[in-house]
Amino acid sequence: MGSMGNAVEKGVEQDDLVMPLIDFGAFLHGDSTVKKAVAEQIANAFKSSGFLYLENHDIPQKQVSLAFSESAQFFERSQTQKNELQWTTPDSNRGYVAWGREKVTQSADPEEIARLRASNPDLKESMEIGREGVPGLPNQWPSRFDEEGKTFETDMQHFFLTLKDLHIQVMRAIALGMGMDESFFDSYTSAGDNTLRLLHYPSVKKSLWRKNPSQVRAGEHSDYGSITLLFQDDIGGLEVKSPKGTWVRARPIPGTIVVNAGDLLQRWSNDIIKSTKHRVIQPPPKETEQDEDEDAMVPARYSIAYFCNPNFDRFIEALPGTWEDSGKKYEGINSGDYLVMRLAATY
Ligand SMILES: O=C(O)CCC(=O)C(=O)O
Ligand SMILES: [Fe+2]
């Protein structure tokens, strides 16, 4: 398809990994023919690389910039304050996560995870925000400290709901693109059992990587849920694993959102959709860079990930059209149980 070739050209293509740049405006506002064509582009990207870039997604740049600046302000708070807001349990999955606490990994072996955590902690801190109003699982808002914290709470709640809507729309596109009824996922996306994660990768010495070449900002992993909506700043460092086993840079493209499939969507689709491994390393070197300087620093990087999940009370079984010929590869599983199981193995 002509427009698909164009999408690939403007996205990223390397080592058999294709992350197309897709004009989501054409899905949101186009007529039914255009809509269907875009939905198919999206479904195809999910089936091949599991990664794509969305442009014209209707989220105002102002709102995104505000979220980034308030995120940066949040991480500037004292460690004491941040620790008061700390993440407690997988069931809650809300609050502040300090450096080295989480080691995202595919391993489910607690001893191995403990070893990894001790040797190569991720160089990052994060703030996890869940759905508001869940009894017994309050978000950890800095509104308890000051006015700035109150503004943070209001704006992040708003951003959460904006992204909840985009999740609904992207799932509609996937449904349509896979030949299902466009509204198929609506009863799975209505609750918004999602997590908004603000990420800060602090500025660190470049020499860290000379001393330990396997140091990472975020270790190799796949995401757990249905899809992830990821905003990155202009620093770079996100990499996606190609079918050849090489790492391909998912360079920042201004104004776009990186969208990728998670493990539960792969399972739900009987492995037709791909949940692809990715990681964050140091940004690409600038041409003018002097590498010899012992004190040279890698700049801080900020990103915002919105992890989407099917409503936690829904049962997830192979999607229609994905198993009739080959059989079901997986048992059905409750969405909320699946996520808590994965989080419990990680923290
Ligand atoms: O910071 C990024 O660009 C990616 C973060 C990520 O993959 C994650 O938190 O799951
Ligand atoms: Fe991720």
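Every number for a ligand or one of its atoms is a count from 1 in the order of the listing.
Residue-level proximity to ligand 1 for H221 is carried by the side chain, the only part with a heavy atom below 4.0 angstrom. In L230, the part holding a heavy atom less than 4.0 Å from any atom of ligand 1 is the side chain. Under 4.0 angstrom from ligand 1, there are no non-hydrogen atoms of V258.
Put simply, the side chain of V280 reaches to within 4.5 Å of the side chain of Y201, judged on heavy atoms. Side-chain contact between K47 and K274 is absent, with no heavy-atom pair separated by less than 4.5 Å.
Inclusion of S303 in the set of residues having an N or O under 3.5 Å from an N or O of ligand 1 is warranted. Polar contact check, K124 against ligand 1: no nitrogen or oxygen pair lies under 3.5 Å apart.
Side-chain contact of Q63 with T162: a donor-acceptor pair under 3.5 Å is present, judged by distance alone. Side-chain atoms of N311 and S190 include a donor-acceptor pair closer than 3.5 Å.
Within ligand 1, the atoms closer than 4.0 Å to a non-hydrogen atom of L199 are 1 (O), 5 (C), 9 (O), numbered from 1 in the order shown. In the vicinity of Y201, heavy-atom distances shorter than 4.0 Å reach the ligand 1 atoms 1 (O), 2 (C), 4 (C), 5 (C). Residue V280 has at least one heavy-atom neighbour below 4.0 Å for each of these atoms of ligand 1: 1 (O), 2 (C), 3 (O), 4 (C). Of all atoms in ligand 1, numbered sequentially from 1 with element shown, those under 4.0 Å from a heavy atom of F307 are 8 (C), 9 (O), 10 (O). Of all the atoms in ligand 1, the ones that sit under 4.0 Å from a non-hydrogen atom of H278 are 7 (O).
Residue L28 is grouped with residue V38 when hydrophobic side chains (ILVMFWY) are merged at heavy-atom distances under 4.5 angstrom, including chains of intermediate members.
Shown are the protein N/O/S atoms under 2.8 Å from the Fe ion (ligand 2), given by residue and atom: H221 NE2, D223 OD1, H278 NE2.
Residue pairs satisfying the salt bridge (charged side-chain N to carboxylate O under 4.0 Å, His left out) criterion with at least one member in residues 223-234, sequence neighbours excluded, are absent.
Scored by the side-chain hydrogen bond (donor to acceptor under 3.5 Å, both in side chains) test, D91 finds no partners at all (sequence neighbours excluded). Taking the side-chain hydrogen bond (donor to acceptor under 3.5 Å, both in side chains) definition, one finds that K36 meets it with nothing, sequence neighbours left out.
The aromatic ring centres of F160 and Y306 sit less than 6.0 Å apart. A ring-centre distance under 6.0 Å is not found for Y224 and F307.
A cation-pi arrangement, defined by a distance under 6.0 Å to the six-membered ring centre and an angle within 45 degrees of its axis, is present between K35 and F27.
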* Evaluate the criterion ring pair (Phe, Tyr, Trp, His ring centres under 6.0 Å) for residue pair W141 and F74; output intermediate values, then yes/no. => CA-CA 10 Å; W141 296 115; F74 172 82; 9.4 Å; no
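Residue contact check for ligand 1: R197 places a non-hydrogen atom closer than 4.0 Å to it. Within the 4.0 Å heavy-atom cutoff, R217 does not count among the residues contacting ligand 1.
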